[in-house]
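Keep in mind that this is a model prediction, so the values were computed, not measured.
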Amino acid sequence: MSRFFATGSDSESDSASEEEQVQRAPTTAFTFSDEEEETKRVVRSTKEKRYEEIANLIKLIRNYKKIKDMSSMLSSFEDLMRAYQKALPVIAKEEGGQTPRFYIRCLVEMEDFINEVWEDREGRKNMSKNNSKSLTSLRQKLRKYNKDFEEDIVKFRENPDQDDDEEEEKPEEVVEFEDEEDSAVAFKKAGSEASEPDTSKFKKNVADGEEGSESESDWGSSSDSESTSSEDEGQYQNIRERFIKKVTDKEEEEDKAKRKEQRKERKEKERKKKKDEDDEEGEWETVKGGVAIPSEKPKMFAKDAEINVAAVLKKLSEIIAARGKKRTDRREQIELLHELQSIADTHNLGPAVAVKIKFSIVSSIFDYNPKVSDAMKPEYWSKILERITEMLDMLLNTKDMVIAEIVSEDAEEYETPPYKIHGCVLTLVERLDEEFTKLLKECDPHSNEYVERLKDEKQVSTIIDKVQEYLERQGTVSELCRVYLRKIEHLYYKFDPNVLKQKEGELGPDVITSVQVMEKLCKYVYAHDGTDRLRTRAILSHVYHHALHDNWFQARDLILMSHLQETIQHSDPATQILYNRTIAHLGLCAFRHANIKDAHNCLVDLMVTGKVKELLAQGLLPQRQHERSKEQEKIEKQRQMPFHMHINLELLECVYLVSAMLIEIPYMAAHEFDARRRMISKTFYQQLRSSERQSLVGPPESMREHVVAAAKAMRNGNWLACNNFIINEKMNAKVWDLFYQADKVRDMLTRLNKEEALRTYLFTYSHVYDSISMPKLAEMFQLKRPVVHSIISKMIINEELMASLDDPTETVVMHRSEPSRLQSLALQLTDKVNNFVDSNERIFEMKQGNFFSRGNQGNFRDRQNYNRQGQDWGRQRRDRDRDRNREENRNY
């Protein structure tokens, strides 16, 4: 007989069963032996097994979701699909083919989570490679899988707060038996009785993914067992009745209602917590009896209260007093201020009160975002634009209203004109401009979202114009300088084609262009600014605008007269970035005007560093060994320029390399055998040398390779090949078409290529000719004869070419005064030997000075002076001999 049916206490039954079985060592109290655990068997239906497997996988997925482990989440989702496929026969039988609600809830939660992670671009950048790859795979698989459950997902989203399946509330019988005989009797008993056993303690919450330990799920909590132990002992005669007891319908309904209430409370807490996290303002709340005490908020006016200016202002100060406190709901504060505004408008309390409330609303919207470095949310951005526009319109329409910081709060006047309000409109507009820049930086520059945000610049510029109009009417000089600078910074980088049309005479002088507007604003700042920073930024913006519109001489004269290049290193980083941008555009302007040396001098300081992108604030370059800290990287990202203000770096580098080629190649040809030849452009020289070191050079592909190939062709005097390498379809698309009036730039570049190729040809091959025909040179390089005559004359005057012109025959007669290669090497050897002798003499003098004692220091100094004089005479004599030898060699 099994001990399951034995009467008496549990200890007696245990001892009886142990005597019948094999003798074992006594076990520790409150534990079960391994043999007892092996004899236990759980009898469950197929539905329970399938649903438990799905519930366990859902719980795993939710855990991985919390820690954003995408690879584990992907594998668990694949297991979940397989488990659901196994459970399909059971679902078709039990649920009538309808997908369980808890399974749909899991799919919806996964879809929302993956969409949220996918939209968070910064978070995806910080993901590991494995996680990022798993996220992409999981997103594709889930979207494909959810198409089969599209109707169920739509129904779920319509009513997501509804409780999960009714099956979840039905008790599922999970009874443990220790013998086969017991299980048989139990199933007979269960089949004969109408009511079902209470298994609420054994049920698993499938929808919420909660799963307790084996002891809790099968036997209930310890508190339940302690509270019911005394009742059970008196109510049931044996252990069998205790385990297979039946509950009444009333108790079952009470348990259902209790469980349902607990689920509702838990879901309500989760929704509230999620809402607080979304608003970034989750706060601690005192909880008593399971009910949260909401934070007290200012109450609006009573029904019979008199609403006047004093009452509204008192309520306004009451709402504003909660600003910045820990328990303040910022969203609720904005709503209260809007409600107060509608009340004030209804009772027509005057424009001053309306402006004051709108001013407070704008300040509250600015304070809504707790993180200063993050951008404002788009919905609040549109609200703040509307409120500021309404406030400025009221200010401009009401002539007797003053809003300024000099007005104290005690001196404010709201009822009778002239109205006086404490505040500063200019500060709000400056903050608005900064928020607009942050919004642009947050957007992907290649997306439609960036274009939509950029459309708001028109509205921001209109707001700045309104503030300018208001301050011109009643503002201080310093405030006018600040608002003018804001307008300048929105105008200086924009190209106005009317400027060039006005230069060419297509437009009359009465048309106002952006250059004239900039002239007016900048001159006011030059004359009235009391701080160097505003004046410096105005000068740089003015130079940038002149350079953008090809006013080369005005831009050059202004930057030289300001002497900013001497003191710019002491300015703040934003001003230094503006200086770099201005110098870059100045170089492009000089290039368009064919001032190649000026263009090269402007761009060489930027390009030689190799950090053009960082100097122009157009991105961060990766640094070795983590030289940049996270805090430093965050600060540098805040300084970056919005994408629409970027300067094309490939265009900048191409202009620099072409300018360097036009200067460096003729210089290299003229000083081929000169040992003291210096590099004009280090970057271009490195590109040229790296190409020469390659054993096999193919056709050029990148922009740099095109310039290097052109330089090699120019060195040989082949201007046509040089021009074809510089100007072709690929280079036009990459570089030259980006210029305004690109055809003029290409024509200028072709002319310069011909002229510099002619100079290089004469430097390289002049020792071969006795005389050269100028018409033949003009034909070779497709230049006009006066141009060829002018170039050769300049070379002769500058002593670059030892020749003379014979005008009747139009020929260049060479003097053959250049040394041969052997003579050049001899001269180099002479220079090196002289340097060697000088250094030896200095070393000998230093050693000789050690032999003199301290007492003979005076004699030593006299002898040193005598030796120096002798050395000077010796050097002068050697220099004269060397010059005479060179002259003789030339005559020879």
Side-chain angles (χ1 to χ4, degrees), residues 591 594 596-597 600 654-673 677 679-681 684-732 734-736 745-792 794-795 800-801 803 810-812 814 818 821:
F591 182 80
I596 301 301
K597 288 187 177 179
H600 181 268
C654 182
V655 168
Y656 166 72
L657 290 176
V658 169
S659 303
M661 177 192 75
L662 295 173
I663 297 171
E664 186 87 48
I665 295 300
Y667 178 80
M668 290 170 64
H671 301 84
E672 185 178 1
F673 305 112
R677 186 183 69 197
M679 288 186 294
I680 298 174
S681 173
F684 174 77
Y685 198 80
Q686 288 173 349
Q687 294 291 333
L688 200 61
R689 287 291 170 264
S690 63
S691 175
E692 289 176 352
R693 282 196 296 267
Q694 294 178 3
S695 56
L696 181 62
V697 180
E701 295 180 0
S702 65
M703 178 270 299
R704 294 178 181 177
E705 292 176 356
H706 274 87
V707 177
V708 169
K712 290 180 179 177
M714 182 181 281
R715 187 188 290 178
N716 297 327
N718 189 353
W719 76 270
L720 188 59
C722 172
N723 200 60
N724 291 336
F725 281 126
I726 291 291
I727 301 173
N728 50 56
E729 291 183 2
K730 186 182 282 189
M731 290 293 286
N732 288 342
K734 281 186 176 182
V735 179
W736 308 122
V745 175
R746 283 190 280 264
D747 293 342
M748 176 271 298
L749 199 54
T750 302
R751 177 174 59 81
L752 289 176
N753 283 337
K754 291 177 181 179
E755 293 176 0
E756 296 303 324
L758 171 60
R759 294 180 73 239
T760 306
Y761 183 84
L762 290 174
F763 284 136
T764 307
Y765 299 108
S766 60
H767 65 278
V768 178
Y769 291 95
D770 289 328
S771 62
I772 304 176
S773 172
M774 280 193 289
K776 185 66 176 176
L777 289 174
E779 183 184 348
M780 283 175 61
F781 293 94
Q782 295 184 10
L783 289 169
K784 295 179 181 178
R785 291 187 184 182
V787 175
V788 175
H789 187 279
S790 172
I791 291 172
I792 295 175
K794 285 180 183 177
M795 293 175 68
E800 294 175 338
L801 184 67
E810 291 186 341
T811 57
V812 183
M814 298 297 174
E818 289 81 5
R821 178 165 178 78

Going through the distances and angles, do V745 and F591 end up as a side chain to side chain contact (heavy atoms under 4.5 Å, CB included)?
-> CA-CA 9 Å; V745 175; F591 182 80; 4.3 Å; yes
Please tabulate, for the side chains in residues 771-791, all donor-acceptor contacts under 3.5 angstrom to protein atoms that are two or more places apart in sequence or on a different chain.
residue: R785; atom: NH1; partner: E810; partner atom: OE1; Å: 3.3

To the nearest 0.5 Å, what is the distance between [atom1] ([X]) and [atom2] ([Y])?
{"X": "S681", "Y": "L657", "atom1": "OG", "atom2": "CG", "result": "7.0 Å"}
{"X": "K712", "Y": "E692", "atom1": "NZ", "atom2": "CD", "result": "6.0 Å"}
{"X": "F684", "Y": "Y656", "atom1": "CZ", "atom2": "OH", "result": "9.5 Å"}
{"X": "M731", "Y": "C654", "atom1": "CE", "atom2": "SG", "result": "3.5 Å"}
{"X": "I680", "Y": "E664", "atom1": "CD1", "atom2": "CD", "result": "4.5 Å"}
{"X": "L749", "Y": "I726", "atom1": "CG", "atom2": "CD1", "result": "6.5 Å"}

State plainly whether the residues E705 and K730 are in salt-bridge range, i.e. N to O under 4.0 Å.
-> no
Taking [X] for its side chain and [Y] for its backbone only, find out whether a donor-acceptor pair lies under 3.5 Å.
{"X": "N728", "Y": "F725", "answer": "yes"}
{"X": "N718", "Y": "M714", "answer": "no"}
{"X": "T750", "Y": "R746", "answer": "yes"}
{"X": "S691", "Y": "L688", "answer": "no"}

Taking everything shown except E729 itself, do over 12 heavy atoms lie less than 6.0 Å from its CD?
-> no
Return yes when atom CZ of R751 has more than 12 non-hydrogen atoms of other residues, nucleotides or ligands closer than 6.0 Å, and no otherwise.
-> yes
Does the pair T760 and N716 meet the rule for a side chain to side chain contact (heavy atoms under 4.5 Å, CB included), with working shown?
-> CA-CA 8 Å; T760 306; N716 297 327; over 6 Å; no
Go through the steps to decide whether S766 and L801 satisfy the test side chain to side chain contact (heavy atoms under 4.5 Å, CB included), and finish with yes or no.
-> CA-CA 8 Å; S766 60; L801 184 67; 3.9 Å; yes
Measure up the Y761 and Y769 rings against each other and bin them: parallel (under 30°), tilted (30 to 60°), perpendicular (over 60°).
-> tilted
